[in-house]
Number of protein chains: 2
Amino acid sequence: MAVHILTMLARSGDENVKSECIAGSVNTNAVVIRRLLGQLNNANLVVSQTGAFGGTRLARQPEDISLCEIYKAVCCGEVFALHPKSPNQDCPVGKNIEAFLCNLQKEIDQSVGEKLRQYTLRDVIAKIELAYA
Amino acid sequence: MAVHILTMLARSGDENVKSECIAGSVNTNAVVIRRLLGQLNNANLVVSQTGAFGGTRLARQPEDISLCEIYKAVCCGEVFALHPKSPNQDCPVGKNIEAFLCNLQKEIDQSVGEKLRQYTLRDVIAKIELAYA
DNA sequence: ATATCTGTAACAAGTATAGTTACAATTCCC
DNA sequence: GGGAATTGTAACTATACTTGTTACAGATAT
């Protein structure tokens, strides 16, 4: 959804886009969009303006926003989950497996980040416009 | 948790390990373990035996089980989520973004798989035994 | 036969997300 | 200044998912 939102903004250039309008395309409620826009704003990817004729636009050019930045701005977890409760510290496996898995998570996360860094919003627009050209 | 379980089994060699015993190390209920063992069994990673003195053991040697296989056996989603509802098909972005994101998901998933394929259960054991040597 | 395990169904509790309503704060335009 | 429009955010509901738990049938060794 974050990619969807930013793609919409990218296609509108400097014009402010209303959360209601984005919600229509994403097919959800405007508040859901505004929540995501808040996260994207925290990551300095978008700029919002309150009041009449307000709305949101990209903070940078589409070619300067990678999918990795978007992912980091809104991601809420890791690729795989760790133990919900800490394992038994009296067991040699339980005592040491968490550190191992935690390192593995970081490694995987980095690998995902590198992949996502290969794409920018500009690439997304290109792919999408190609599809209905 | 799946990695934890399989590491326990790997360290027990050909001996059957009871779900109760694994639960003690993972710090959870035996049924939770048996549920995961069921998935690992479907993936032909473990062999279980019911009845008295039953339990579970690895189906193969630890060096022949990669973390990628474990991940695929128990993974229940993707790295990032797609739209909960389908986007608006009357919008050029909404109409085409899902296909793009779906392809991206596959690409990322493959990249994660390649990373995880670099590690086997044997490596996990080595790391863990190093930690308390 | 009996004791011991697994496999699985059923259910409760906790947690997360999405969607919704409501409203204060902000801003433009007249 | 006043009214209309829009964001930001709080609060609540509904849904869904995961975990943990109890219960029990089926299988197996002694």
Side-chain angles (χ1 to χ4, degrees), chain A residues 1-2 4-6 8-9 12 14-59 73-88, chain B residues 1-2 4-6 8-9 12 14-59 73-88:
Chain A
M1 277 172 59
H4 189 153
I5 292 171
L6 290 167
M8 299 272 299
L9 296 184
S12 294
D14 278 343
E15 245 176 279
N16 277 338
V17 182
K18 289 182 276 187
S19 59
E20 203 70 52
C21 164
I22 303 174
S25 172
V26 174
N27 202 12
T28 183
N29 192 289
V31 175
V32 173
I33 300 299
R34 292 207 287 265
R35 279 204 277 249
L36 275 167
L37 284 174
Q39 293 182 271
L40 298 173
N41 186 41
N42 288 339
N44 292 314
L45 295 177
V46 302
V47 175
S48 287
Q49 199 175 331
T50 63
F53 296 83
T56 309
R57 58 185 190 278
L58 289 189
V74 300
C75 83
C76 50
E78 302 288 334
V79 174
F80 55 83
L82 255 40
H83 298 62
K85 289 184 209 165
S86 245
N88 185 348
Chain B
M1 275 172 60
H4 189 153
I5 292 171
L6 289 167
M8 299 273 299
L9 297 183
S12 296
D14 279 343
E15 242 177 280
N16 278 337
V17 183
K18 289 182 278 188
S19 59
E20 202 71 56
C21 164
I22 302 174
S25 173
V26 174
N27 202 13
T28 183
N29 191 287
V31 175
V32 173
I33 300 298
R34 292 207 285 269
R35 280 205 275 249
L36 275 168
L37 283 174
Q39 295 183 270
L40 298 173
N41 186 42
N42 288 340
N44 292 314
L45 295 177
V46 302
V47 175
S48 287
Q49 198 173 334
T50 62
F53 295 85
T56 307
R57 60 185 188 281
L58 287 190
V74 300
C75 81
C76 50
E78 304 289 336
V79 173
F80 56 83
L82 256 38
H83 298 61
K85 290 185 208 165
S86 245
N88 185 348

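Note that the structure is a prediction, hence the values are computed from the model and not measured. Residue numbers start from 1 in every chain, and the chains themselves are labelled A, B, ... in the order their sequence lines are given, proteins ahead of strands.
Between V46(A) and N41(A), some side-chain heavy-atom pair lies under the 4.5 Å cut-off. Taking 4.5 Å as the limit, every side-chain heavy atom of R34(B) sits out of range of all side-chain heavy atoms of S48(B). Contact of the N27(B) side chain with the H83(A) side chain is not registered, since no non-hydrogen atoms from C-beta on lie closer than 4.5 Å. Side-chain contact between H4(B) and M8(B) is present, with heavy atoms from C-beta onward closer than 4.5 Å.
A sub-4.0 Å separation between OP1 or OP2 of dG8(D) and a side-chain N or O of T50(A) is absent. When the side-chain nitrogen and oxygen atoms of S48(A) are compared with OP1 and OP2 of dT7(D), none of them lie within a distance under 4.0 Å.
Taking atom CG of N16(B) as the reference point, atom P of dG7(C) lies 11 Å away to the nearest angstrom. Atom-to-atom, CG of L36(A) to P of dG19(C) comes out at 10 Å; the value is rounded to the nearest Å. Straight-line distance from the CG atom of N42(B) to the C1' atom of dT8(C): 13 Å, rounded to whole Å. Residue K18(A) contributes atom NZ, which lies 16 Å from atom P of dA4(D) at whole-angstrom precision. The separation between K85(B) atom NZ and dT15(D) atom P is 12 Å, rounded to whole Å. Whole-Å rounding puts the H83(B) NE2 to dG19(C) C1' distance at 15 Å. Residue M1(B) contributes atom CE, which lies 9 Å from atom C1' of dT19(D) at whole-angstrom precision. Distance, I22(B) CD1 to dC5(C) C1': 12 Å, rounded to whole Å.
Q49(A) comes within contact range of the sugar-phosphate backbone alone, with a heavy-atom separation under 4.0 Å but no base atom that close. Heavy atoms of T56(A) sit nowhere under 4.0 angstrom from any nucleic acid atom. Among the atoms of the strands shown, base atoms are found under 4.0 Å from some heavy atom of G51(A).
When distances run from any side-chain atom of N29(B) to the nucleotides dT9(D), dT21(D), dT27(C), the shortest one goes to dT21(D). Proximity note for R35(A) (side chain, C-beta onward) versus dA18(C), dG20(D), dT6(D): the nearest is dA18(C). Listed nucleotides: dG20(D), dA23(D), dT20(C). Nearest to the side chain of R34(B): dA23(D).
Both A52(B) and C76(B) sit near DNA chain D, but only C76(B) has its closest nucleotide nearer the 5' end. Take the nearest nucleotide of DNA chain C for L37(B) and for P84(B): the residue whose nucleotide is more 5' is L37(B). Positionally, the nearest nucleotide of DNA chain C for F53(B) lies more toward the 5' end than for the other of F53(B) and V31(B).
Between N16(A) and G54(A) the shortest heavy-atom distance is CB-O, 3.7 Å.
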